[in-house]
Structures are given as C-alpha cells and as structure tokens.
Amino acid sequence: MACPCALGLATPTALMVGIGRGAQLGILIKGQDALEASGTIDTVVLDKTGTVTTGDMRITTITALGSMTRTEILRMAASLETGSEHAIAAAIVKAGRKDSLPLDDVTDFTALPGLGARGTIDGSSIIVGSPRLFTEQGFPATASLQAAIADHTRAGETVVLLGRGGTVEAVISVADTIKPSAGPAIRYLKDLGLTTILLTGDGEQAARRVADEVGIEKVLAGVLPAEKAAAIKTLQDAGKRVAMVGDGINDAAALATANLGLAMVHGTDIAMRSADIILVRDDLHVIGDAVSLSRQTLRTIRSNLLWAFGYNVAAIPLAAAGLLNPLIAAAAMSLSSVLVVSNSLRLRNFETRHETSTSDE
Ligand code: ADP
Ligand code: MG
C-alpha cells in the first residue's frame, strides 16, 4: 500500500503526454522548464517581419530624387544588397534579377544590423537602409526627401533609401504580406487573457498598420536588434511574464531573455537555438496552442498530484491500522496509478483551435 507509485507517475506522465501532443501539433517543447514557463506567461511579444508577416517582401515603388534612372537605382541597390541577409535585401536582389540587371562589384561591404548596409561601388560610397540610418549618417533631410518619404509611408509600407556619396538618390517602398492566420491567432491569444505587443525595427507607421490589421494592442517600433532584449527586460521589470516569438538573428537575444522564447522553424538557426519552443507549423495558432496545452498539462500535473497524494494519505493509515485487506490494497494501489496515467493520457485529446480551417500559406 505504501508504495506511492501514483505520486511518482503524476508529473512525468503528464509531461510526456503533453510534450508528445505538442510535437504532433507542430510545437517542439524543449523540456519541462519550457512547458512550465509557457503555462504561466501573461504577455506575448511578436516580431513583425517573418513572424506576423511572411517576410517575403517585394518592391512596390521606386522614386528617383536625382538624375539616376530606375534601372540604375535598382542595379546599384541590388549589387550592394547581394551581401545582406535581410528580407528587404532579398526583395531588392530579386527585383534586380527579374530585370536581368548585371551586378557591380562591391568593396568594403558592411551590414548595419537593423539599419541597412553600406559599401563602395566604382569608387562611390553607397548606402541602403532606413530613413533613421540616413539621419544618423548626417544626410540632409531636405523638404523634397521628407515629402517623398511621407508619400511612400502613407501606404504603411516599409521605406528604405539609397544614398550615393552624400546625396539621397532614391526612395524605395517594400511591401510585406501579413500571414492569413495572424488575425485569428491574435484573437486566440486575447481569449487566453494574454496581452499582445508587436516589436520591430521597422518604422512606427508600417508597424501600426500591421498591428491594427491583426489586432495587436501595443507597438514597439524602431527598436534596433541590440535593443530588443532590453525591451523584453523592461516588460519583465514591470512584472510581466513575457513570451517572445521571432525568427531572425536580430531576435535571438530577445528570445533568450524572455521567460519563454518561441522560434518559427523557417527562421535562422540562432533563433531556434535561443528558443525554448520551436513552432514547426507556419500557422500562428501554434502560439495559443502552446500556451493552452502547457496550461492544461500543468493543471493535469496538479490534479494528478492531488489525487495521488490524497489517495496515499487516506489509504496508508487504513492499511497501517490493518483495516485494509492486502488484496484490496494492492488492487487499489494499481488503480490509483491507472487513474493517474489515464488522466495524463487525456492530454492526447488536446485540440488545436482553428477558426480558419483552411491551410495557411
Ligand atoms: P524587423 O524587426 O522588422 O525584423 P530589422 O530590425 O531587421 O526589422 O530592420 C529594421 C529596419 O532597418 C528595416 O525596416 C529597414 O528599414 C532597415 N534595414 C535593415 N537591414 C536592411 C537592409 N539590408 N537593407 C535595407 N534596409 C535595411
Ligand atoms: Mg523577423
């Protein structure tokens, strides 16, 4: 009677079944700590590009400010961006390739994380990146430049500039596509009582548009890669238990800082290594599923423990007092283990919430 098997089984069986069910649903939970963390978070911070959006960007407009033609602008930008890994760089390179533009040699290439890239082509120093980068580099903010930027930003698209020497030659808009699952997946998070925040290096306006469209409450825009982890820390200092969802190199530190890091599987290796949970399905419902499944697993563990503990507390004195027939005691003991195991197995029935039952992307 006094063998507390059920007590010993209470936690590992629930964890095993919970983590196993997660894996079936495309949620790879790296162990018990990750599961416990996801059962207790109250705030979800989402990276914009590649997480809420597909990150498959395309150029929408190119406005020349000087004497360069569209082809010259694209050729120069594509030549420089060949060395970058950013989604915007990929869009520019793809557009150049589509027009079969020859690429020029770039020397002194430097990637400026969260800002853009710089290099030398034909003896001129070339720079591509955010308006913020250009301000920092001391480019004059002329009225015509500001008007062009405002014009491009109006559509909520991401704006990058091309500079040659000391002058801004072009304004380029890049559009991204919001994942079809994003809206309903954010609603799911809200239904679970979680606060949602969009965190991005992109400008305020582009970030706002995405947040409004999918129903994310708060926006933290213009955050440099190095500042992303600090933004998470600030939330934690305010008493929040924070989950961070991201995919990029620039998200890795934030993923590691958060109470719970979730990485999209198509993301960079470093993001996946920094995360506690890897989301294999490219459908944002997995975030809510991960939280919900973890909560349910923790509840199962608690009810298992309560049951197993209560059972032993009640039965051991009876057995000690000789009031229990050893046969019945043995049967009851096995029964308690069976009950705990079957309670854990109920987690197998955990279902993903799919409002949009059609596949995503
Ligand atoms: P996100 O948080 O959305 O992933 P990043 O922090 O990577 O964004 O980048 C922030 C901004 O920096 C971009 O919106 C863009 O304006 C600029 N940027 C970064 N890298 C590049 C690049 N290679 N080419 C052009 N612009 C870039
Ligand atoms: Mg990203």
Side-chain angles (χ1 to χ4, degrees), residues 48-50 53 55-142 144-153 155-176 200-203 205-207 221-226 248-250:
K48 180 174 76 81
T49 314
T53 69
D56 187 12
M57 294 183 141
R58 64 202 176 279
I59 292 182
T60 51
T61 28
I62 296 179
T63 304
L65 299 178
S67 56
M68 286 175 79
T69 64
R70 186 187 183 278
T71 304
E72 286 167 344
I73 290 165
L74 192 53
R75 173 173 170 173
M76 187 165 278
S79 301
L80 179 66
E81 292 282 30
T82 305
S84 302
E85 283 172 23
H86 202 273
I88 294 174
I92 292 174
V93 171
K94 197 168 77 184
R97 199 173 299 138
K98 200 167 128 249
D99 291 359
S100 315
L101 300 180
L103 297 183
D104 300 307
D105 288 335
V106 179
T107 51
D108 310 324
F109 177 84
T110 316
L112 308 163
L115 292 167
R118 187 174 51 204
T120 305
I121 298 176
D122 274 342
S124 308
S125 107
I126 309 299
I127 184 162
V128 178
S130 62
R132 170 179 178 168
L133 170 66
F134 279 69
T135 311
E136 280 176 16
Q137 297 286 317
F139 280 80
T142 61
S144 61
L145 172 60
Q146 300 215 300
I149 293 173
D151 224 42
H152 282 251
T153 315
E157 289 170 356
T158 301
V159 176
V160 295
L161 308 179
L162 169 73
R164 179 174 56 173
T167 47
V168 183
E169 293 287 351
V171 181
I172 304 171
S173 318
V174 202
D176 202 348
T200 180
D202 203 350
Q205 252 165 307
V223 183
L224 290 178
I249 299 171
N250 55 0

Student: Pick one: which of Thr200, Thr158, Asp176 meets side chain to side chain donor-acceptor pair (under 3.5 Å) with Thr53?
Tutor: Asp176

Student: Taking C-beta and beyond as the side chain, do Thr82 and Val106 meet within less than 4.5 Å on heavy atoms?
Tutor: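 They are not in side-chain contact.
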
Student: Could you tell me which non-hydrogen atom of Ala117 sits nearest to which non-hydrogen atom of Leu80, and how far apart they are?
Tutor: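 Of all heavy-atom pairs spanning Ala117 and Leu80, the closest is O-CD2, 3.6 Å.
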
Student: Looking just at side-chain N and O atoms, do Gln205 and Thr153 make a donor-acceptor pair shorter than 3.5 Å?
Tutor: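 There is no such pair (donor and acceptor under 3.5 Å, judged by atom type) between the side chains of Gln205 and Thr153.
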
Student: Applying side-chain contact (heavy atoms from CB on, under 4.5 Å) between Leu161 and each of Ile127, Leu145, Ile172, report the one that passes.
Tutor: Leu145

Student: Strictly by salt bridge (charged side-chain N to carboxylate O under 4.0 Å, His left out), give each pair with a member in residues 69-92 just once, sequence neighbours left out.
Tutor: Arg70-Asp99, Arg75-Asp104

Student: Say you draw a straight line from OG1 of Thr120 to CD1 of Ile126; how long is it, rounded to the nearest 0.5 Å?
Tutor: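 One finds 8.0 Å between OG1 of Thr120 and CD1 of Ile126.
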
Student: Enumerate the residue pairs fulfilling salt bridge (charged side-chain N to carboxylate O under 4.0 Å, His left out) with a member in residues 158-174, sequence neighbours excluded, ordered by first and then second residue.
Tutor: Arg164-Glu169

Student: Strictly by salt bridge (charged side-chain N to carboxylate O under 4.0 Å, His left out), give each pair with a member in residues 108-122 just once, sequence neighbours left out.
Tutor: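 Every pair satisfying salt bridge (charged side-chain N to carboxylate O under 4.0 Å, His left out) with a residue in residues 108-122: there are none.
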
Student: Got a sec, which residues hit side-chain contact (heavy atoms from CB on, under 4.5 Å) with Ala148, two or more places apart in sequence or on another chain?
Tutor: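 If we apply the side-chain contact (heavy atoms from CB on, under 4.5 Å) test to Ala148, skipping adjacent residues, the hits are Leu65, Val171.
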
Student: Go through the structure and list residues passing side-chain contact (heavy atoms from CB on, under 4.5 Å) with His86, not counting sequence neighbours.
Tutor: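 Listed in chain order: Ile88, Ala89.
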
Student: Please give me the minimum heavy-atom distance between Pro225 and Gly114, naming the atom from each residue.
Tutor: CD-CA, 3.5 Å

Student: Could I get the full list of side-chain contact (heavy atoms from CB on, under 4.5 Å) partners for Arg58, not counting sequence neighbours?
Tutor: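 Partners of Arg58 under the side-chain contact (heavy atoms from CB on, under 4.5 Å) test: Ala175, Thr177.
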
Student: Test of understanding: with side chain to side chain donor-acceptor pair (under 3.5 Å), list the residues that count as partners of Ser144, not counting sequence neighbours.
Tutor: Thr142

Student: In this structure, which one of Leu162, Ile92, Ile73 forms a side-chain contact (heavy atoms from CB on, under 4.5 Å) with Ile62?
Tutor: Ile73

Student: Would you please name every residue forming a side chain to side chain donor-acceptor pair (under 3.5 Å) with Glu136, sequence neighbours left out?
Tutor: Arg132

Student: List for me each residue that meets salt bridge (Lys or Arg N to Asp or Glu O under 4.0 Å) alongside Asp202, sequence neighbours excluded, and say none if there are none.
Tutor: Lys48

Student: Are the side chains of Thr63 and Asp151 in contact, using a 4.5 Å heavy-atom criterion?
Tutor: no

Student: What residues, two or more places apart in sequence or in another chain, satisfy side-chain contact (heavy atoms from CB on, under 4.5 Å) together with Ser125?
Tutor: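 Ser125 satisfies side-chain contact (heavy atoms from CB on, under 4.5 Å) with no residue once adjacent residues are dropped.
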
Student: What distance do Leu133 atom CG and Thr135 atom OG1 have between them, rounded to the nearest 0.5 Å?
Tutor: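 Interatomic distance, Leu133 CG to Thr135 OG1, rounded to 0.5 Å: 8.5 Å.
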
Student: Applying side-chain contact (heavy atoms from CB on, under 4.5 Å) between Ser173 and each of Ile59, Val160, Ile149, Thr61, report the one that passes.
Tutor: Thr61

Student: Residues two or more places apart in sequence or in another chain: which of them pass salt bridge (Lys or Arg N to Asp or Glu O under 4.0 Å) with Lys94?
Tutor: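 Lys94: salt bridge (Lys or Arg N to Asp or Glu O under 4.0 Å) contacts with Asp56.
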
Student: Only pairs at least two apart or in different chains count here, so list each ring pair (Phe, Tyr, Trp, His ring centres under 6.0 Å) that has a residue in residues 90-138.
Tutor: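 Checked against ring pair (Phe, Tyr, Trp, His ring centres under 6.0 Å) - neighbours excluded - the pairs reaching residues 90-138 are Phe134-Phe139.
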
Student: What pair of heavy atoms forms the shortest contact from Val93 to Ala78, and how long is it?
Tutor: CG2-O, 3.8 Å

Student: For residues Pro140 and Gly166, report the shortest heavy-atom separation together with the two atoms involved.
Tutor: CD-O, 4.1 Å

